[in-house]
Amino acid sequence: MLQELTIKNFAIISSLHLTFTNGMTALTGETGAGKSIIIDAVSLLAGARSSTEYIRQGSDHCLLEGIFDLPNQVEFEELVEELGIDTEENILIVQRDMNISGKNICRINGRTVTLANLRKIGQYIVDIQGQNDHQELMNPDSHLRLLDSFGSKEFQKNKRTYQEAYRKYIDLVKRVNKYKQNEQSFAQRIDMLKFQQEEIGNAQLENGEEERLIEERDKLMNFQRIVDTLSYSYQGLSDDEAGALDTIGSVSQELQSIASLDEEYQTISENVSSAYYLLQDAASEIGRQLDALEMDEQRLELVNERLDLIHQLKRKYGDSVEIILDYYQTISQELLESDFSEGKLEQLENELLEKEERLLGEANGLHAERGKIAQKLEKAIQKELKQLYMENARFQVVFKTTGFQEEGLDQIEFYITTNPGEPLKPLVKVASGGEISRIMLALKTIFSKTQELTSIVFDEVDTGVSGRVAQAIADKIYQIGENSQVLCITHLPQVAAKADHQLYIKKEIINGRTITKVEELPEDKRTNEIARMLAGAEITDLTVRHAKELLAMAKQ
């Protein structure tokens, strides 16, 4: 149920806050006063497409907010849990902020949601029926869903069980077909992956190996240069006749003799002494390196061969040893998980046959249940149509059998005849606009008792009818309001009089701007408004008495 509605800067509405209650509420007023604008706002909160044209002239954004009771449906509870929406307070606060730039921000209980998810939530909180919303009835593809919604909770449970089995069946069908189509190419790929796995595996690559080999190759290729450089350096430092170390050692001793005479001499002496010991260590290390050096032509050849192998693998599998090893892990995992094996196709086909047999059993069960549901629906609609002065109408659910579908094996279409002696024909080809409105009301009257709809909005669905039919439509809308909250835009006094509550929508011009105002009418003002709906501009004592009579009859 819609509890409260807040609208700001929307079309010709500057600011509006409405509170709603149970039962039937009629929205009345002159044409163009803004009745449909209010319904548009509710529709947008349910996920309808928006437009910047909705934003009030001179404003940069508009804000819509609705407070709804929490629907009591298992599917809804699963949806809000999936979307992570907090429902601890048992209400839904739905907000939609539309910017002049075209940006939309949708929130449910403070959580930002996408428009698609808002639309999913919206189908549980409000059902809007407008003058052009009879298309669902005129579309045979929707008839099966309408029939199923008349089924019991046990039927809905069985249908969900079938649909789960159907999805698994279709997944297996796709898998078998793909297996058949790709069996040869799949085998070729497996052979290729096995070759690649063997080639990379035999190489026994290691992370960082290429860098180490390059460093070793460079040393081997520059062996003579390294020997010459180290020998020259060692001789320069350690030669017995003109060795640099001996010279620096003598300098260090001389400096030590005057170091105590001045702090600066002391610093110079210490620096030279440190340099002497460092060079002495360097000379020793050079000597060790020279002793260890040994030219190995065979090792150089092996290193180059290894680097060539790595280069070839890099051209095939990646830009580095690390990438090649990652690819090796990937293909090894794919080979490990591959279900390609001899006899696998036969195994899958047998499994598919078993699933098909079970699915057929469940589909036949749904078909049998639907037959019983159809009989009950036909009787219920016949009864409702009779009360809507279509006593000669005959309604029938016609079944056709198809292959497996998500809804089962059934394809149905509503057939009707409205005149005695005429054969039943598809609803889409027979019913007139006024008849479609009455059939839709008959369905809503029935489904409001079974679908647990929280709010139903009728936007001038009574257009084009009058007299006793108008009164019958008023009775039906009121009857729907006994099971669901009903908001009804109407120009018919019979419908307005039947409502539990009546909101009067009017336009006013303030400071040169048109704004919409809404007033909940007390009893005396309801009489005047219904008299206006009866008589138009000129209200007489007779129309006032007629209005009072309509209200009195409605109470009875």
Side-chain angles (χ1 to χ4, degrees), residues 75 123 129 133-174 176-177 352-386 390 392-433 435-447 450-451:
E75 295 84 358
Q123 66 181 343
Q129 296 293 323
D133 289 326
H134 306 320
Q135 294 174 2
E136 185 177 47
L137 271 180
M138 304 304 285
N139 180 10
D141 292 339
S142 68
H143 292 176
L144 182 63
R145 183 185 60 77
L146 289 170
L147 174 69
D148 286 354
S149 66
F150 193 56
S152 65
K153 290 184 177 180
E154 183 66 23
F155 171 78
Q156 306 298 340
K157 180 181 177 182
N158 293 339
K159 182 179 175 180
R160 287 194 294 271
T161 300
Y162 165 83
Q163 288 176 327
E164 184 178 349
Y166 172 78
R167 284 190 286 270
K168 291 180 180 178
Y169 168 78
I170 290 300
D171 288 342
L172 187 55
V173 168
K174 292 178 180 176
V176 169
N177 290 338
L352 181 62
L353 185 61
E354 292 176 5
K355 284 187 180 294
E356 187 172 316
E357 290 176 353
R358 288 198 299 268
L359 192 64
L360 181 60
E362 292 178 5
N364 286 331
L366 282 182
H367 173 74
E369 289 184 77
R370 282 191 176 119
K372 297 175 183 178
I373 295 169
Q375 291 178 2
K376 292 180 181 178
L377 180 62
E378 287 167 356
K379 291 178 181 178
I381 287 182
Q382 292 283 164
K383 180 181 177 182
E384 296 296 332
L385 292 178
K386 187 175 181 180
M390 293 179 69
N392 294 320
R394 285 191 300 128
F395 179 87
Q396 185 176 338
V397 180
V398 176
F399 281 80
K400 296 178 183 177
T401 302
T402 66
F404 285 124
Q405 300 180 76
E406 190 171 4
E407 304 298 325
L409 294 172
D410 299 316
Q411 181 178 336
I412 72 159
E413 186 170 358
F414 294 157
Y415 275 54
I416 195 170
T417 177
T418 57
N419 298 306
E422 293 296 321
L424 287 159
K425 292 183 180 179
L427 176 65
V428 65
K429 296 180 180 179
V430 177
S432 66
E435 289 169 338
I436 287 292
S437 293
R438 281 182 275 176
I439 295 169
M440 184 272 294
L441 276 173
L443 286 169
K444 286 298 174 185
T445 304
I446 296 167
F447 293 149
T450 60
Q451 290 182 316

query: Any salt bridge between Lys159 and Asp148, counting N to O under 4.0 Å?
result: yes

Can you find a pair of side-chain heavy atoms, one from [X] and one from [Y], that are under 4.5 Å apart?
X	Y	value
Ile446	Glu384	yes
Leu424	Arg394	yes
Leu385	Ile416	yes
Gln411	Thr401	no
Val173	Leu352	yes

Is it true that a side-chain atom of Glu378 and a backbone atom of Val397 form a donor plus acceptor pair closer than 3.5 Å? yes

So, does Thr418 use its side chain to make a donor-acceptor pair with the main chain of Ala393 at under 3.5 Å? no

Could you tell me the separation between the [atom1] atom of [X] and the [atom2] atom of [Y], rounded to the nearest 0.5 Å?
X	Y	atom1	atom2	result
Gln382	Phe395	CD	CZ	8.5 Å
Leu377	Lys379	CG	NZ	12.0 Å
Arg370	Ile412	CZ	CD1	8.0 Å
Thr445	Leu441	OG1	CG	6.0 Å
Ile381	Met390	CD1	CE	10.5 Å
Lys157	Thr161	NZ	OG1	7.0 Å

Which residue in the set Phe399, Phe155, Tyr162 passes ring-ring contact (aromatic ring centres under 6.0 Å, His included) when paired with His367?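 It is Phe399; the other options fail the test.
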
Residues Ser149 and Gln156: closest non-hydrogen pair is CA-NE2, 4.0 Å

Point to revise | Intermediate values then yes/no, salt bridge (Lys or Arg N to Asp or Glu O under 4.0 Å), Glu406 and Arg167 | key: CA-CA 8 Å; Glu406 190 171 4; Arg167 284 190 286 270; 3.4 Å; yes

Next on the checklist: Just checking Glu164: does its CD atom have more than 12 heavy atoms from other residues, nucleotides or ligands closer to it than 6.0 angstrom?
Outcome noted: no

| field | Pairs satisfying side chain to side chain donor-acceptor pair (under 3.5 Å), at least one member in residues 354-363, at least two apart | value |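 Sorted result for residues 354-363: Tyr169-Glu356.
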
* Please identify each residue that fulfils side-chain contact (heavy atoms from CB on, under 4.5 Å) with Ile170, with sequence neighbours left out. =>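 side-chain contact (heavy atoms from CB on, under 4.5 Å) list for Ile170, sorted by chain: Tyr166, Lys174.
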
Go through Asn419 and Asn392 one step at a time and tell me if the side chain to side chain contact (heavy atoms under 4.5 Å, CB included) criterion holds. CA-CA 6 Å; Asn419 298 306; Asn392 294 320; over 6 Å; no

